[in-house]
Amino acid sequence: MCGIIGIVGKSSVNQALYDGLTMLQHRGQDAAGIVTCDNNRLYLRKNNGLVRDVFHTRHMLNLRGNMGIGHVRYPTAGCESGAEAQPFYVNSPYGISLAHNGNLTNADALKNDLFREDLRHINTDSDSEILLNVLAHELHKLNKLKINHEDIFTAVRGVHQRCRGGYAAVTMITGYGLVAFRDPYGIRPIVFGKRETATGTEYMVASESVAINVLGFELVRDLVPGEALFITAEGQLYTQQCAENPVYSPCIFEIVYMARPDSIIDGISVYKARLRMGKFLAKKILRLYPKHDIDVVIPIPDTSRTAAVQLAHVLNRKYREGFVKNRYIPRTFIMPGQSMRKKSVRQKLNAINLEFQHKNVLLVDDSIVRGTTCKQIIQMARDAGAKKVYFASAAPPVRYPNVYGIDMPSVEELLAHNRTTEEIADIIGADWLVYQDLEDLLAGARKGNKNIKHFDTSCFTGHYVTGDVDQSYLEQLAFRRNDTAKMERQFETTEVIELYNVI
Ligand SMILES: O=P(O)(O)OC[C@H]1O[C@H](OP(=O)(O)OP(=O)(O)O)[C@H](O)[C@@H]1O
Ligand SMILES: NC(=O)CC[C@H](N)C(=O)O
Ligand SMILES: [Mg+2]
């Protein structure tokens, strides 16, 4: 769930790209990058860190031109090295740069094919470098000095035929314009917008609508699954469906946790969907515990707040901000290692004792994944003087790995895997625990857009919409990306590549 952005403007786009990336920072905290194009020359800055740390005035001044793309990264493949920060670049054909949100499930086979058949070298373990080279090859094989929108859509059709998994991508073809595309299941989100200026229409593509709103663009719509968009450097827009059998199946975890509440994804207001999650969860609590003795509802900031407000309202109990969040500590779930995540929970959240003393509190979180947050938070509530601590998760139990762009690679790390709700309550130290039912979560999301019949719910059900994920893939993924493997890799190879894809 990285954040991607692209703008074709009528004046310099560096500041707008920077501002847009700050609106997408919650999607990736590990690395950030921008590449711009001016007079057929590219200017790139990327590195590890938050947006505000990666771009200083001198970098901003160098990012020239009226067209560019950007990325904030949360790794799901390869390593955390700055060498794998995006956008990636390949010089042939035409000079193409790419920013990718998602994860390819056939990356190994593609890498092999790219080397043996397409004679292309992939220098990192990032699946995004593979996606870029597949697109480059599909363009290359047209064997044309000059390409038009039809050629570009032909190449994207080729990408859909070869690539599997989740991918929303924005690419820039030097001298031509900006190309964005979404995988045939629409797993990862991508929207576009436009803005009228005195000198013509400007276009913008982004992972979430919030970036489009804040920059003063008007949201046009989501790209539908399989669709591609091409905006010429002069500002002409073309769109085309490039997949044979697209099936709308957006990732439900975007609604649960990833996206900002003020975003609209696939026509669904994330905010309203989260309110409905709170309502359904309250109804379930009333069904299970009609004589409950909850005194107060307390959210675990930030993401659960929206659901908790509505949950408290339906339960007819007070909603209180019992935990104060340190605004300078980023999101913990998307941090790379367990020790960092664990330490950060305590740095991030602190209890206001008077909201807990002598009370039976219901703590609400949007989800429980590894259990890092809830274990510590329940203890903090007890230390703050709570009589009883109940816990509600606005999402169902996360029991299976995610393979489409969220870093949940190993079942061993998932608290709910092979455990009952009672066992989990015991481990986290809650007096009782309640999870949202999947049907209610889906109903809450569907109410926002009745046309969406399916969602990718793989982390709750183990059913993978792309149909290509088998046990051996999951074993490989867990082997490569479990926390211990990541930690070992950090010491071995982090900065060894040193080929930063510099333009
Ligand atoms: O069970 P866990 O593995 O701890 O993961 C789930 C937790 O992580 C998230 O919070 P996060 O701090 O990442 O983001 P937020 O501030 O947006 O809530 C989420 O809201 C849960 O609290
Ligand atoms: N979370 C994502 O979208 C990750 C993008 C890409 N797979 C990477 O690891 O860099
Ligand atoms: Mg949270």
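Both ligands and their constituent atoms are indexed starting at 1 by order of listing.
- Considering Thr421, Ile285, Val364 in turn, Ile285 is the only one that fulfils the side-chain contact (heavy atoms from CB on, under 4.5 Å) rule with Val434.
- Salt bridge present: Arg341 and Asp483 bring a charged side-chain N and a carboxylate O closer than 4.0 Å.
- Protein residues lining ligand 1, listed by chain and number: Tyr257, Pro301, Asp302, Thr303, Arg331, Thr332, Phe333, Lys348, Asp365, Asp366, Ser367, Ile368, Val369, Arg370, Gly371, Thr372, Thr373 [non-hydrogen atoms, distance under 4.0 Å].
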> Does the side chain to side chain contact (heavy atoms under 4.5 Å, CB included) test come out yes or no for Asn360 and Val389, once each step is laid out?
Replying inline: CA-CA 6 Å; Asn360 298 329; Val389 184; over 6 Å; no
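- A centroid separation of 6.0 Å or more is found between the aromatic rings of Tyr185 and Phe455.
- Contact residues for ligand 2 (protein heavy atom closer than 4.0 angstrom to any ligand atom): Met1, Cys2, Arg73, Tyr74, Pro75, Thr76, Ala77, Gln86, His100, Asn101, Gly102, Asn103, Asp127, Ser128, Gly405.
- In summary, Arg260 and Asp302 do not engage in a salt bridge, as defined by a charged side-chain N under 4.0 Å from a carboxylate O.
- Checked against the 6.0 Å centroid threshold, Phe460 and Tyr400 do not count as a close aromatic pair.
- The salt bridge (Lys or Arg N to Asp or Glu O under 4.0 Å) contacts involving residues 417-426 comprise nothing, where partners must be two or more places apart or lie in separate chains.
- A search for ring pair (Phe, Tyr, Trp, His ring centres under 6.0 Å) contacts involving Phe280 returns nothing, not counting sequence neighbours.
- Between His160 and Tyr167, the distance from one ring center to the other falls under 6.0 angstrom.
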